[in-house]
Amino acid sequence: MTDQDLYPVSADWASRAHMNKAQYEVARIAARENPEAFWAEQAKRLDWFTPPTKIKDVSFDKADFHIRWFEDGVLNVAYNCIDRHLAERGDQTAILFEGDDPSVSGALTYAELHRQVCRMANVLKDMGVKKGDRVTIYLPMVPAAAVAMLACARIGAVHSVVFGGFSPDSIAGRIEDCGSTVVITADQGLRAGKVIPLKANVDEALTKVSVEKVLVIAHTGADVPIVDGRDVRFEEAVKTVADDCPCEPMNAEDPLFILYTSGSTGKPKGVLHTTGGYLFWVSWTHELVFDYRPGEVFWCTADVGWVTGHSYVVYGALSNAATTLMFEGVPNYPDNRRFWQVVDKHKVEVFYTAPTALRALMRDGDEPVKSTSRKSLRLLGTVGEPINPEAWRWYHEVVGEGRLPIVDTWWQTETGGALVAPLPGATDLKPGSATKPLPGVELQLVDAEGGVLEGATSGNLCITDSWPGQMRTVWGDHQRFFDTYFSTYPGKYFTGDGCRRDEDGYYWITGRVDDVINVSGHRMGTAEVESALVLHEDVAEAAVVGFPHDIKGQGIYAYVTLNKGVEATDDLKKALVAQVRHEIGPIAAPDVIQWAPGLPKTRSGKIMRRILRKIAENGLGSLGDTSTLADPSVVDDLVKNRGG
Ligand code: 6R9
């Protein structure tokens with residue numbers, strides 16, 4: 001098979017979709033030629049307390065760097081996600097819940113969601129939270145997580161959700177960086193039948209940093225210690241609050257949330273998204289890319305701890321009056337039929353997941369899928385990493401029985417929502433390609449020197465103009481925002497991804513070209529893992545690279561140089577893995593640790609990661625130019641002892 005395999009838009013989809021081919025072309029041109037008018041019109045999909053008259057004010061140039069969208073508009077995100085639906089859809093299910101345990105499920109209508117969000121907002125206010133304050137949320141994938149996010153949005157507090165798989169150290173670092181005064185957590189979470197000690201993790205984090213209050217929600221009902229004066233039991237506090245809470249009028253450019261993400265250097269960055277542009281972008285893309293109609297059952301399997309959960313489980317979906325499904329569990333618990341059983345149980349219509357989950361399920365064959373009906377499904381989606389054509393075809397043929405389009409959506413924490421993705425009524429599909437940019441998204445491929453590449457070619461993926469959902473700053477470090485994304489290729493946003501464009505103008509993301517590893521669709525900075533390793537007293541130096549991994553997409557390969565006289569044992573390897581799990585979380589645990597008597601360095605002392613990547617990939621004989629190595633014998637040893 002070649003990538004010229006084409007899955008054309010069906011006549012049915014073309015006739016009923018929000019956007020067909022002709023409309024897509026018209027929108028592309030309108031957004032490019034008259035952005036003010038185009039976005040002013042599109043932004044009417046939101047309910048504004050004061051509609052914006054200033055639409056776009058952007059410069060990517062160093063001297064005058066700024067990004068502002070809808071800047072005189074006033075709105076509230078919770079109002080758009082809840083209140084405006086109440087009159088017509090108060091009794092419609094807003095959130096469906098499927099627990100880790102298949103016997104546990106539930107549902108919240110929009111009216112109930114409104115009441116719960118108002119009550120949580122009032123609890124937060126009673127705890128002293130005000131507009132602009134930062135609130136850290138560390139919760140399992142349960143409706144309370146969405147309620148907490150919306151409660152913050154309602155009163156203008158800025159949430160920072162920390163994924164439940166992150167360690168106490170990671171929580172502490174994130175609390176400290178954004179100066180949160182309050183943490184919202186639960187007693188425990190559940191995953192594949194195992195308990196996640198959320199409150200205990202928060203307690204440990206708070207031995208390193210302090211906050212004023214911790215709001216503790218009962219989920220499993222476990223008995224967890226309560227610190228007097230600091231911890232507030234939600235179930236107690238909520239007894240005395242009112243059922244209604246007004247929506248704080250927010251400027252379009254007021255912060256909505258901070259979400260930490262890994263980059264090629266340093267500690268994770270606090271990506272900041274604002275109210276108007278972000279909400280507009282996730283709402284618009286959710287409708288277009290999933291060809292969404294209010295009331296359809298939408299299931300995005302991402303955790304709310306990641307941007308995909310923010311944008312499509314919560315904000316995009318609810319702004320479009322969706323019934324959004326929140327799933328606490330994992331694809332293979334109690335067994336590998338779980339995803340499809342949940343689809344049948346809740347009559348899921350749109351299903352959106354990560355390639356890594358598909359690859360893992362594919363390994364178990366077709367039977368677990370075929371034992372279910374899946375007839376409620378009408379559209380499939382993927383996100384997080386490139387999908388290999390083999391997994392794409394399996395998804396299409398086995399899960400979708402050949403009848404469902406697949407939308408492969410390329411985007412980043414920084415972009416707020418999807419930027420490159422097919423529209424099911426407008427874009428013919430090619431397995432493995434995220435296809436084409438959405439209207440208003442201006443892509444460019446450049447070479448290492450920044451030279452613009454035309455036609456069918458490969459290069460570094462840049463975006464030459466802003467879109468409303470673009471991040472606005474790195475929390476507390478605006479210079480880092482500029483330096484990270486706009487200094488490599490002046491005047492352009494650099495994504496960090498490599499990409500190929502084929503002769504039909506389709507984009508094929510090839511993966512990160514920086515020192516970021518994509519492990520099961522989650523970003524991990526090599527520098528972060530290295531820092532965690534060198535914290536160990538026996539470690540002199542460490543270098544971490546990604547390598548191809550059948551299920552995870554990329555695995556983590558660590559080269560470790562021990563201090564003189566330290567014995568290189570398997571127990572020490574285990575201790576190092578444990579160290580990384582403790583410092584960052586289980587997702588950062590190295591798959592391979594290789595003892596390295598020395599690391600390949602240039603004469604100026606820079607580690608040559610290119611060579612380490614090659615060795616990890618087993619790309620022997622193709623190590624490339626090694627003439628700048630200070631000590632070539634180092635490489636011979638690493639090649640000889642590859643893999644451990
Ligand atoms: C939404 C999300 C962003 C990085 C991105 C790229 C990779 C995401 C992809 C994809 C190929 C896709 N990525 N979607 N690569 N095809 N459809 O995943 O955000 O966690 O910030 O990761 O993920 O490398 O740069 P985030």
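For ligands, and for the atoms within them, numbers begin at 1 and follow the listed sequence.
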Min heavy-atom dist W306 to ligand 1 below 4.0 Å: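 No, W306 has no heavy atoms under 4.0 Å from ligand 1.
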Sub-4.0 Å heavy-atom contact, A434 with ligand 1: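 For ligand 1, residue contact (heavy atoms, under 4.0 Å) with A434 is absent.
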Below 4.0 Å, non-hydrogen atoms only: which portion of [X] touches ligand 1? Side chain, backbone, both or neither.
X	value
Q412	both
T413	both
V307	side chain
T409	backbone
T308	side chain

Identify, for [atom], the protein heavy atom at the shortest distance, and state residue, atom and that distance.
atom	answer
atom 14 (N) of ligand 1	G384 N, 3.1 Å
atom 22 (O) of ligand 1	R523 CD, 3.1 Å
atom 5 (C) of ligand 1	D497 OD2, 3.2 Å
atom 12 (C) of ligand 1	E385 O, 3.5 Å
atom 11 (C) of ligand 1	P386 N, 3.1 Å

Go through the side-chain N and O atoms of [X] and [Y] and say whether any donor and acceptor fall under 3.5 Å apart.
X	Y	value
Y485	E414	yes
D177	W475	no
Y352	T409	yes
H582	S167	no

Between [X] and [Y], does any side-chain N to carboxylate O distance fall below 4.0 Å?
X	Y	value
R523	E528	no
E176	K267	no
R363	D550	no
R613	D515	yes

Ligand 1 atoms in contact with [X] (distance to a heavy atom under 4.0 Å):
X	value
W411	1 (C), 2 (C), 3 (C), 5 (C), 8 (C), 14 (N), 19 (O)
N518	7 (C), 23 (O)
V383	1 (C)
D408	12 (C), 16 (N), 17 (N)

Residue pairs fulfilling ring pair (Phe, Tyr, Trp, His ring centres under 6.0 Å) with at least one residue in residues 419-458, sequence neighbours excluded: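 Listed once each, the pairs would be none.
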Pair listing, side-chain hydrogen bond (donor to acceptor under 3.5 Å, both in side chains) test, anchored in residues 447-464, at least two apart: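 side-chain hydrogen bond (donor to acceptor under 3.5 Å, both in side chains) check on residues 447-464 returns N460-Y489.
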